[in-house]
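Note that the structure is predicted; figures quoted are calculated from it, not measured.
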Amino acid sequence: MKRTVLASALAATTTPLLAQNLALEEVIVTATKRATTIQEISGTVNVVTGESLEKFNALAFGDIEQQTAGLSLISPNARNSTIAMRGISLDPEAGASGVVSVFWNDQVIRTDVAFSQLYDMERVEVLRGPQGTLQGRTSPGGAINLITRGADTSVSDGYVEATFGDNDGINTQVAWGGPIIEDVLGVRIAAVYDQNNSNDVENITTGLDDPESEAKSARISGKWQITDNLSSSLVYQYFDRDIEDPKGMSGSDSLGIRPTLDAEDKIALGKTNDFGELDYDLYNLKFDWSLGELDLVSITGWTDSKKFSGTQNDRANYVTDPQSLTNQTALTDVNTFSQEFRLSSLDNDFWDWMVGVFYLDQETRTEFVSHRSVANGPNPITGDVSGISFSSFGAIPVDRKEWALFTHNTFYLTDATSLEVGLRYTDYDSFRRADVFYGGLNYVPAFYPEFLVPIIEEQLEASFPIEGVSDDFQSTEEDAVTGSLTLRYEWSDATTVYAAYNRGYRPSGISINPTPSVQFLPNGEADLVHDEETSDSVEIGFKGRYLDGRGTLNGAVYYQQFDGYFGFVRGVQVLNDLGEPEDISGGLIHNGDASIWGVELEGQFLISENWVAGGAFSYTKGEWDDGAEAPCNDRESGEILGFCDIGGENLGGEPELTVSLNTEFVMPFTATEWYIRGLYKFTDDRDNTDASAGIGITRGSFESNQVLNLYTGLRSSDSTWDLSLWAKNLFDSDEVTYEQGPDQYDLEASGGSYTQSNIQAERTIGITARYNF
């Protein structure tokens, strides 16, 4: 078999390029709100088709990352997820607007909603660079649009698929769609169930040795061709996921009592296990009405999501008394309504135009209960910091309303030259508040005299309520004008070149830190406020389709200058009235000027009728400009809050270089086909932003890592059935991908002994069976 494959591969590489009928299929996208090919878009757009998702067994949103370069999709825990693109990133707990906006069938969704199961997808569009004209929300890094397979009024089809992996993984999918009334009414239903061993971390304190992640989702889509010129579609999706997420530890106890652990050990020590639960409902209603030479589109979106999570703050179990509680729970409820209307011209000779209006109303409310243990110093022998435990509770409502007017125009100056002009006016109206109240005593150690208990409670209660955001900082109103300008030129029949300018924007806000320590900041709550961020980007690129369509190559070089870029630091401390350091929980957002430049390439080549290969390359370099400063714990004499010069330092925690390669070779037989596929991703080393404040033993950077997935299988020639065997992370790379420093109890007891560390998901071997009908 090996000799046959090798001989076939060599034959394929030496086949003369004479078969003019061989050509890559052109992918139609709607990145510009009009159906067009990638080659016709004057900007960098990567598309992961539904076929590619199936080929490479992409079962969850995070799997998209491996099929493209310069994109990071990170879920460090069961509660938080973040998206980074072109070197621009932001911690999800910062509370500021994200660097990348996410859309589901053209409606705005939150990042945590996006990080769910992938099934029955039409395609995923990745738009790079500032989005300041056509997308529903302005963002400096880019946008991702998830497009599901819709209902069809004329064709029936469907599939059943089952995947089994040695990570206790089970993923089953089913879908069917077809006409109810021919050419008038169609429907499509799809569902998925997914189960695996979560992060595969064993907690030796709680006894949990087999954590589990379970998710289920269902979708129904309908299409109604009301008249020849008017159509409507409705999509509803439900999702429910539960994850057990114990935190793996790494380090050596300076007291010599607890075990020495490496990240590869996947051992947790906390006396409770972290967990996350997410469920949501998505509704999407679209109308498309052709009015002669005009087209009117209406998109209405509604999202109702609930996220419940639990976190253990004493990760190394230095508070050993089980009654001295140190965990917290949080429930986040989000309701989002969006409405967009677009009116556009159809196929004019000189000027194609589009005007639209967009409205977004998002209400977010987080309610939490936190338990804290307070000790009078650590036990000198064991380091135990068990002590008085009390609870607090609170609510953090964050509401935002946006409305925007936008226009996008294309002028066809000559047969080969076109000019695109876009403009968007956005009005932002934001409200946020944070209040914390005393919940009561959980536990008082027995050695405290009983008469002291009410005194202790009185002293604790006196510190509450805490007003995290006062009336003066609760509401902000601002507006911004963004836009784009692009010149496109058809250099030849095969190559198009373009030059583009784009402006990005993110509104101002405040770092929400509902702790008493805020009062010690030099300017109090005012030091939590950050200004807006603007950016200007210039991009020069080309799109090419060569050898009669057998190969494509797209490339771009870009430069982006930021005024007031959003930085974020954790672990910052402020000196109290006694000169003692106090934690500013959660972290601080700060502004600073910065710049990013980079190069991107993406291509695909049909080597022979049975062999195709492709790849993507991204290099990006981001630095803070001279004069930029960030809060830190290095203080000059007399300083309450330190500020460090960060000019010339890397902008964030994204790798400079990433490469993604893929290939597929097919060997046809009489009634079947054997295939082999490979998917490779290289990620360069990168900074650890959680080490930015300089506390503890947290590593300053992460090493580069390489992941190779291999797939082989047999399918029928007409693709009715398909049976594949695969291995993800074939060489079992185990580099650390996330690390957070010692928690407050670890620091108090031992001076800081353990970090919380995540490693690359281990090698998984599995099998997938699919039947199409």
Q) Excluding sequence neighbours, so at least two apart, what forms ring-ring contact (aromatic ring centres under 6.0 Å, His included) with Phe56? A) Tyr711

Q) ring-ring contact (aromatic ring centres under 6.0 Å, His included) with Phe115: which residues, sequence neighbours excluded? A) Phe61

**Q.** Set of ring-ring contact (aromatic ring centres under 6.0 Å, His included) partners for Tyr443, sequence neighbours left out
**A.** none

Q) Does a donor on one side chain and an acceptor on the other come within less than 3.5 Å for Ser324 and Ser389? A) no

Q | Non-neighbouring partners of Asn167 that pass side-chain contact (heavy atoms from CB on, under 4.5 Å), sequence neighbours left out | A | Asn196, Asn197, Thr764

Q. Taking only residues two or more places apart in sequence, or in another chain, which ones meet Thr366 in a side-chain hydrogen bond (donor to acceptor under 3.5 Å, both in side chains)?
A. Thr332

Q) With sequence neighbours excluded, what pairs up with Ser254 under the side-chain hydrogen bond (donor to acceptor under 3.5 Å, both in side chains) test? A) Ser753

Q: Take the angle between the ring planes of Phe390 and Phe464 and call it parallel below 30°, perpendicular above 60°, tilted in between.
A: perpendicular

Q | Residues that Tyr448 engages under ring-ring contact (aromatic ring centres under 6.0 Å, His included), provided they are two or more places apart | A | none

Q | Residue pairs passing the salt bridge (charged side-chain N to carboxylate O under 4.0 Å, His left out) test where at least one lies in residues 193-204, sequence neighbours excluded | A | none

**Q.** Matching residue for His371 among Asn442, Thr272, Thr326, Asn327 - test: side chain to side chain donor-acceptor pair (under 3.5 Å)
**A.** Asn442

Q) Under the salt bridge (charged side-chain N to carboxylate O under 4.0 Å, His left out) rule, what pairs show up with a residue in residues 242-255, not counting sequence neighbours? A) Asp245-Lys247, Lys247-Asp274, Asp253-Arg258

(Q) Ring centroids only, cut at 6.0 angstrom: are Tyr745 and Tyr318 within range, meaning strictly under it? (A) no

Q: Kindly compute the distance separating CG (Asp112) from OG (Ser305), expressed to the nearest 0.5 Å.
A: 5.5 Å

Q. Any Lys/Arg nitrogen of Asp746 or Arg315 sitting under 4.0 Å from an Asp/Glu carboxylate oxygen of the other?
A. no

Q) Looking at residues at least two apart in the chain, or sitting in another chain, which of them share a side-chain hydrogen bond (donor to acceptor under 3.5 Å, both in side chains) with Arg372? A) none

Q | Partners passing side-chain hydrogen bond (donor to acceptor under 3.5 Å, both in side chains) against Thr329 (at least two apart in sequence or in another chain) | A | none

Q) Any chance CD of Glu264 has more than 12 other-residue heavy atoms, nucleotides or ligands included, within less than 6.0 Å? A) yes

Q: For residues 54-74, pull every pair meeting salt bridge (charged side-chain N to carboxylate O under 4.0 Å, His left out), keeping only residues two or more places apart or in separate chains.
A: Glu51-Lys55, Glu54-Arg149, Glu54-Arg770, Lys55-Glu664

Q. Does the gap between the ring centers of Phe393 and Phe437 come in under 6.0 Å?
A. yes

Q. Any chance the side chains of Trp726 and Thr768 put a donor and an acceptor closer than 3.5 Å?
A. yes

Q: To the nearest 0.5 angstrom, please state how far the OG atom of Ser511 sits from the CZ atom of Phe566.
A: 9.5 Å

Q.
Closer than 3.5 angstrom, by distance alone: can the side chain of Asp321 be matched with the main-chain N or O of Gly387 as a donor-acceptor pair?
A. no

(Q) Could you check, using the six-membered ring where one of them is a Trp, whether Phe308 and Phe275 have ring centers closer than 6.0 angstrom? (A) yes

